[in-house]
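Note sheet for the following structure.
Heavy atoms only: backbone and side chains are in, while hydrogens, waters and symmetry mates are out.
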Amino acid sequence: FTVPGGFQFGLGARNDEEYRRIAAERGLRFMSSGVWSDPGAKVRYYHGEHMLQAMALQQRLRERCATIRRVLPDVKTLIYIHAFINTDPEGPRKHPDARLTLADGKQYENEGYTRSCGIPFLYNYPALNPENSYVAAMKRVIDMCLDRDRIGADGIYWDEIEYSAYEYDYSDQWDGVSALIDPTTHRIVRKVANVTLATQPWRLATARRLLDRGRLIGNGAPRTRTF
């Protein structure tokens, strides 16, 4: 899919004139926030539901989106989201039904990011069949990004839209088709859930809702005929 015009990460500029210069030089039609980070703060990074707690960053993004709308009315603002990473330390307690679970029963954690960022990078996934608790959490995140009385952006930049880092969930959830096969007997030894398939109904419904409300740019490759 072709992005109709220039795109950049970064919503900030020093003044109105710099906004106009950057947009003209780069042919910008879209400006997106990057990963939510606040280097000088006690909590430096926010992903997933944790973004709802980042009040200072929300206000900063709200101001920048309003400035771009005033200075560059033809440029659309996007807010970065990641639907699979949740850096909220309370996430495992709040969403036990939406943990991305390893074969040993532990929730998947990107330990490299945890070490470098100083906050747990734990992985959840929103699913509709049956619906788990992270669906409502991500709806609140998206509404925060788009509602005009909140950040008020024109759309969403959705990173790793099809899955992230770890492709299978080993919890009791099942996508209806995926399983591990014994290489000798060729019998099913365990049902698993492919994250792309398990989340597809929610991702598809959410993408349609986003397109109805505004703009959506997704980072990822088509992995099914549906999405």
(request) Kindly work out whether a path of hydrophobic side-chain contacts (I/L/V/M/F/W/Y, heavy atoms less than 4.5 Å apart) joins L122 to M51. (result) no
(request) Using side chain to side chain donor-acceptor pair (under 3.5 Å) as the criterion, list what pairs up with R14, not counting sequence neighbours. (result) E18
(request) For N219, enumerate each residue passing the side chain to side chain contact (heavy atoms under 4.5 Å, CB included) test, keeping only those at least two apart in sequence or located in another chain. (result) Y157, D159
(request) Please report the closest heavy-atom contact between F121 and I85, naming both atoms and the distance. (result) CD2-CG2, 3.7 Å
(message) Could you walk me through whether D175 and Q200 satisfy the side-chain contact (heavy atoms from CB on, under 4.5 Å) test, starting with their C-alpha distance in whole Å, then the side-chain angles of each, then the deciding distance to 0.1 Å, before giving a yes or no?
(response) CA-CA 10 Å; D175 60 21; Q200 180 169 271; over 6 Å; no
(message) Could you work out, with side chain to side chain donor-acceptor pair (under 3.5 Å) as the rule, every residue matching D147, not counting sequence neighbours?
(response) R213
(request) With sequence neighbours left out, write down each residue that passes side chain to side chain contact (heavy atoms under 4.5 Å, CB included) with R26, or none if nothing qualifies. (result) Q8, I22, L28
(message) Once rounded to the nearest 0.5 Å, what's the spacing between atom CZ of R150 and atom SG of C65?
(response) 13.0 Å
(request) Examine distances only and state if a side-chain atom of R203 and a backbone atom of Y163 form a donor-acceptor pair shorter than 3.5 Å. (result) no
(request) Run through Y19, F9, F7 and flag the one making a side chain to side chain contact (heavy atoms under 4.5 Å, CB included) with M31. (result) Y19
(message) Checking F30 now: which residues fulfil ring pair (Phe, Tyr, Trp, His ring centres under 6.0 Å) with it, not counting sequence neighbours?
(response) none
(message) Looking at every non-hydrogen atom in both residues, tell me the closest pair between A153 and I79 and how far apart they are.
(response) CB-CG1, 3.4 Å
Side-chain atoms of residues 188-198: list all donor-acceptor pairs with protein atoms under 3.5 Å, sequence neighbours left out, distances to 0.1 Å.
{"from": "R190", "atom 1": "NH2", "to": "Y170", "atom 2": "O", "distance (Å)": "2.8"}
{"from": "N194", "atom 1": "OD1", "to": "T196", "atom 2": "N", "distance (Å)": "3.0"}
{"from": "N194", "atom 1": "OD1", "to": "L197", "atom 2": "N", "distance (Å)": "3.0"}
{"from": "T196", "atom 1": "OG1", "to": "E162", "atom 2": "O", "distance (Å)": "3.2"}
{"from": "T196", "atom 1": "OG1", "to": "R223", "atom 2": "NE", "distance (Å)": "3.3"}

(request) Not counting sequence neighbours, which residues clear side chain to side chain donor-acceptor pair (under 3.5 Å) with E131? List them please. (result) none
(message) Side chains of R60 and L11, heavy atoms from C-beta outward: is any pair under 4.5 Å?
(response) no
(message) Nearest 0.5 angstrom please: C145 SG to D154 CG, how far?
(response) 12.0 Å
(request) Write out all pairs satisfying salt bridge (Lys or Arg N to Asp or Glu O under 4.0 Å) with one or both partners inside residues 83-98, taking only residues at least two apart or from two chains. (result) E49-K94, D88-K94, E90-R93
(request) Output yes when D143 and K139 qualify as a salt bridge under the 4.0 Å nitrogen-oxygen rule, no when they do not. (result) yes
(request) Return the minimal non-hydrogen interatomic distance between L216 and A207, and the atom names on each side. (result) CD2-CB, 3.8 Å
(request) Measure the CG-CG distance between L180 and D182 for me, rounded to the nearest 0.5 Å. (result) 10.0 Å
(message) So R209 and I142, do their side chains get closer than 4.5 Å, heavy atoms only?
(response) yes
(message) Taking ring pair (Phe, Tyr, Trp, His ring centres under 6.0 Å) as the definition, give me every residue that meets it alongside W202, ordered by chain and number, with sequence neighbours left out.
(response) W158
(message) For the CZ atom of R62 and the OG1 atom of T77, what is their distance to the nearest 0.5 Å?
(response) 12.0 Å
(request) Can you label the angle between the H82 ring and the F84 ring as parallel, tilted or perpendicular, going by 30° and 60°? (result) perpendicular
(message) So which atom in P130 and which in Q173 form the shortest heavy-atom distance, rounded to 0.1 Å?
(response) CD-OE1, 3.6 Å
(message) A quick test of your reading: do over 12 heavy atoms of other residues, nucleotides or ligands sit less than 6.0 Å from CG of D172?
(response) no
(request) Treat each ILVMFWY residue as a node, draw an edge where side-chain heavy atoms are under 4.5 Å apart, and state whether F227 and I81 are in one component. (result) yes
(message) Taking side chain to side chain donor-acceptor pair (under 3.5 Å) as the criterion, tell me which of N124, N86, T101 meets it with Q107.
(response) N124
(request) State the CE-CE distance between M144 and M138, to the nearest 0.5 angstrom. (result) 8.5 Å
(request) For the residue pair D38 and V43, establish whether any side-chain heavy-atom pair is separated by less than 4.5 Å. (result) no
(message) Donor-acceptor pair, distance only, cut-off 3.5 Å: does the side chain of Q58 make one with the backbone of L52?
(response) yes
(message) Quick check: closest heavy atoms across S37 and L57, and the distance to 0.1 Å?
(response) O-CD2, 3.5 Å
(message) Applying a strict under-4.5 Å side-chain criterion to I, L, V, M, F, W and Y, I'd like to know whether L128 and L210 cluster together.
(response) yes
(message) Would you compute the distance between atom OG of S164 and atom CG of N110 and round it to the nearest 0.5 angstrom?
(response) 8.0 Å
(request) Please report the shortest heavy-atom distance between T87 and H47, naming the atom on each side. (result) OG1-N, 2.9 Å
(request) Only pairs at least two apart or in different chains count here, so list each side chain to side chain donor-acceptor pair (under 3.5 Å) that has a residue in residues 114-123. (result) E109-T114
(request) Taking side chain to side chain donor-acceptor pair (under 3.5 Å) as the test, write out the residues that go with S33, two or more places apart. (result) none
(message) Taking side chain to side chain contact (heavy atoms under 4.5 Å, CB included) as the definition, give me every residue that meets it alongside D16, ordered by chain and number, with sequence neighbours left out.
(response) R20, T67, R70, V71
(request) Using a 4.5 Å cut-off on heavy atoms from C-beta on, say whether the side chain of H95 contacts that of N132. (result) no
